[in-house]
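Fair warning: this is a prediction, and the values are worked out from it, not measured in the lab.
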Amino acid sequence: QVQLVESGGGLVQAGGSLRLSCVASGRTFSMHTKAWFRQGPGKEREIVAVFDWSGSSTYYAASVKGRFAISRDNAKNQMYLQMNSLTPENTAVYYCAAGPAFSITATSYYDWGRGTQVTVSS
């Protein structure tokens with residue numbers, strides 16, 4: 001099992017930026033598909049971005065493409081989500097997740113962090 005802990009959330013004005021971090025411990029994190037999901041108020045959990053264990057395959061939700069960037073540092077067992085040009089619609093709890101296969105479906109991921117709140121004010 002991989003233990004995941006997110007950080008970096010907070011309150012930001014529309015148009016601002018935040019960088020979320022996710023630190024992993026446990027099994028070899030570098031060999032997992034890694035993803036960021038989010039769950040807004042009254043909404044279902046949805047995919048934000050994914051990359052496979054090698055980093056060669058990446059997916060971004062259409063609503064964040066060009067504004068958000070997922071990255072990793074295998075040496076530090078960390079992954080990141082750089083979020084730019086934030087809008088109030090991006091307000092949500094953001095979760096990092098790890099799983100065995102490249103997928104945009106939450107049920108495909110075995111390991112989850114507890115989430116970090118991102119609030120974007122207008």
Open item on the list: Suppose the criterion is salt bridge (charged side-chain N to carboxylate O under 4.0 Å, His left out): which pairs have a residue in residues 49-68, not counting sequence neighbours?
Closed with: none
Considering residues at least two apart in sequence or located in another chain, which fulfil the side-chain hydrogen bond (donor to acceptor under 3.5 Å, both in side chains) criterion with [X]?
X: Tyr60; value: none
X: Arg19; value: none
X: Glu44; value: none
X: Ser108; value: Ser103

Task: Non-neighbouring partners of Phe37 that pass ring-ring contact (aromatic ring centres under 6.0 Å, His included), sequence neighbours left out - done: Tyr109, Trp112
Open item on the list: Within the 3.5 Å criterion, strictly below it, is a donor on Gln82 or Tyr80 matched to an acceptor on the partner's side chain?
Closed with: no
Please report the closest heavy-atom contact between [X] and [Y], naming both atoms and the distance.
X: Ile104; Y: Val50; value: CG2-CG2, 4.3 Å
X: Leu4; Y: Ala24; value: CD2-CB, 3.6 Å
X: Ala49; Y: Leu81; value: CB-CD1, 4.5 Å
X: Leu86; Y: Val12; value: CD1-CG1, 3.6 Å
X: Ser17; Y: Asn84; value: OG-OD1, 3.0 Å

Task: Gap between atom CD of Gln13 and atom OG1 of Thr119 - 0.5 Å precision - done: 13.0 Å
Open item on the list: I want to check a possible cation-pi pair here: Arg45 against Tyr95, using under 6.0 Å from ring centre and within 45° of the ring axis as the test.
Closed with: yes
Open item on the list: Regarding Arg114 and Glu6, does a basic nitrogen lie under 4.0 Å from an acidic carboxylate oxygen?
Closed with: no
TODO: Give a yes or no on whether the backbone of Lys76 and the side-chain of Asp73 come within a donor-acceptor separation of less than 3.5 Å.
DONE: yes
Open item on the list: So does Pro100 get a backbone contact from the side chain of Thr33, meaning a donor-acceptor N/O pair under 3.5 Å?
Closed with: no
- [ ] Could you state whether Phe51 and Tyr94 fall into the same hydrophobic cluster, counting links through intermediate Ile, Leu, Val, Met, Phe, Trp or Tyr residues with side-chain heavy atoms under 4.5 angstrom apart?
- [x] yes
Task: Co-membership, hydrophobic cluster, residues Leu20 and Ile47, 4.5 Å side-chain - done: no
- [ ] May I ask you to test the Ile70-Thr58 pair for a side-chain heavy-atom distance under 4.5 Å?
- [x] yes
Open item on the list: For Ser54 and Ser56: C-alpha separation, side-chain torsions, deciding distance, then whether side-chain hydrogen bond (donor to acceptor under 3.5 Å, both in side chains) applies.
Closed with: CA-CA 5 Å; Ser54 69; Ser56 61; 2.7 Å; yes
